[in-house]
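Here the structure comes first, spelled out in structure tokens, and everything after it is commentary.
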Number of protein chains: 2
Amino acid sequence: MIDLEQRLRSRGCRLTSQREAVLEVLEENQGRPLRPEDIHALAAKRLPGMGLTTVYRTLELFCELGIIAPVHLASGRNYFEVVAGKHRHYMECISCGGVETIEVCMIEELADKVRSGSDFQVTSHCLSLFGYCGECSRKGVAEGHARAGRGWGAA
Amino acid sequence: MIDLEQRLRSRGCRLTSQREAVLEVLEENQGRPLRPEDIHALAAKRLPGMGLTTVYRTLELFCELGIIAPVHLASGRNYFEVVAGKHRHYMECISCGGVETIEVCMIEELADKVRSGSDFQVTSHCLSLFGYCGECSRKGVAEGHARAGRGWGAA
DNA sequence: AATCTTATTGAAAATAGTTTTCAATAAATA
DNA sequence: TATTTATTGAAAACTATTTTCAATAAGATT
Ligand SMILES: [Mn+2]
Ligand SMILES: [Mn+2]
Ligand SMILES: [Zn+2]
Ligand SMILES: [Zn+2]
């Protein structure tokens, strides 16, 4: 539960029903990154007439407030998720597109190596693994099947 | 030096001057991920009249052939780089947008943890660090300055 | 070399995602 | 309640990418 009003006030922003709706949708979907379009569809159920433009504006604001963070998956599209206590990463199936969550993060070690090797000041990072989810592996999709999404592999 | 003709033949594809131009541009820029637009501009110098559409088609083909791989940075746009022997990652400055290369990769360890914890079959991954490059840090940009790019932080 | 087949190309149109503009609305304050 | 101005939704603008299609050219066949 995030105290939205507090965070907004601290920046001179107003608490609106649209912002509450977007936050509720995101909070109810922790562990499942959502696209702006999805968020709009879900928020519009609670608040009929709500515009997609407002969703985009709200997502940008929430990112600045540190309430949410963008998640970069293979499609290149933007997904968002609430920044909960623990830092998460993702595994995306290149066959069915399914996304699974990784609760482990070992980037600190890498960041340490970077610190000692350069003067770059790391503030955040993005890591996603791509491959085949259990179900798709079992179906044998991994053999014949070309990569999904835009057709581009990942790196 | 990649034997383009070989790889193309193996898939029944033809060797064209456009494909050669795109590969040359990418090979001359190892360590510096390029956008389709940049690649087009550089390739068109060698081959006047070359279309952007062809660049997109060629990039997709090269990805499938394993010649290049997409690089996902904070902007969400697509960058590409030749898949050289070593696997690389990147650091992108959220102030000036500069990209630096990391030659270290410790994802194997993470992949191991994933393997033992789920049935997901990892085939590739994507990791980028965000923060401030040495120059921007020194300028003190890191303090006042809001994040760059689309305004979204990174994760 | 001339001919044939069809993969490839460039231009234009179409799509998709996101941002900007602007007049109307509503949240916070006085 | 009146005032101020941040916020909103609709439409238009923009950017990146994909699709369509007729013209071209690579590679195979003669
Ligand atoms: Mn992490
Ligand atoms: Mn790696
Ligand atoms: Zn799957
Ligand atoms: Zn910088």
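The basis for the numbers below is simple: all heavy atoms, side chains too, and nothing from hydrogens, waters or symmetry mates. Predicted model, so just to flag it, every value in this text is computed and none were measured.
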Residues in contact with DNA chain D, drawn from residues 18-28 of chain A - heavy-atom cutoff 4.0 Å: A/Gln18, A/Arg19
Any side-chain N or O of B/Asn78 below 4.0 angstrom from OP1/OP2 of D/dA16? no
Any carboxylate oxygen within less than 4.0 angstrom of a Lys/Arg side-chain nitrogen, looking at B/Arg57 and B/Glu64? no
Output the distance between atom CZ (B/Arg19) and atom CZ (B/Phe62), rounded to the nearest 0.5 Å. 7.5 Å
Report yes or no: does A/Arg9 contribute a side-chain atom to a donor-acceptor pair with the main-chain N or O of A/Leu4 at less than 3.5 Å? no
Nearest-Å distance, OH (B/Tyr79) to C1' (D/dT15)? 14 Å
Pairs under 3.5 Å (N/O, protein and nucleotides 14-16 of chain C):
none

From CG of B/Leu4 over to P of C/dT8, roughly how many Å is that when rounded to an integer? 11 Å
Can B/Leu23 be reached from B/Met50 by stepping across I, L, V, M, F, W or Y side chains whose heavy atoms are under 4.5 Å apart? yes
Nearest-0.5 Å distance that lies between atom CD in B/Glu20 and atom CD in B/Glu27: 11.0 Å
Gap between atoms NE2 and C1', on B/His40 and D/dT18 respectively (whole Å): 16 Å
Should B/Tyr56 be listed as having a side-chain N or O under 4.0 Å from OP1 or OP2 of D/dT18? no
Nearest-0.5 Å distance that lies between atom NE2 in A/His40 and atom CD in A/Gln18: 10.5 Å
Nearest-0.5 Å distance, CG of residue A/Leu15 to CG of residue A/Leu8: 6.0 Å
Is there side-chain contact between B/Thr58 and B/Ile39, with heavy atoms separated by less than 4.5 Å? no
In whole Å, what is the span from the CE atom of B/Met50 to the P atom of C/dA11? 11 Å
A/Glu81/A/Arg32 ion pair, N-O < 4.0 Å: no
N/O contacts under 3.5 Å, protein versus nucleotides 26-29 of chain D?
| from | atom 1 | to | atom 2 | distance (Å) |
| --- | --- | --- | --- | --- |
| D/dA26 | O3' | B/Leu15 | O | 3.4 |
| D/dA26 | N3 | B/Arg14 | NH1 | 2.8 |
| D/dG27 | OP1 | B/Leu15 | N | 2.9 |

Of B/Leu8 and B/Thr53, the one whose closest DNA chain C nucleotide lies more 5': B/Leu8
Between A/Leu65 and A/Val83, is there a shared hydrophobic cluster once you connect ILVMFWY residues whose side-chain heavy atoms come closer than 4.5 Å? no
Output the rounded distance in Å from CZ (A/Arg57) to C1' (C/dT25). 12 Å
Quick one: does B/Leu26's side chain get under 4.5 Å of B/Ile67's, heavy atoms only? no
Could you state the CD-P distance from B/Glu60 to D/dT17, rounded to the nearest angstrom? 12 Å
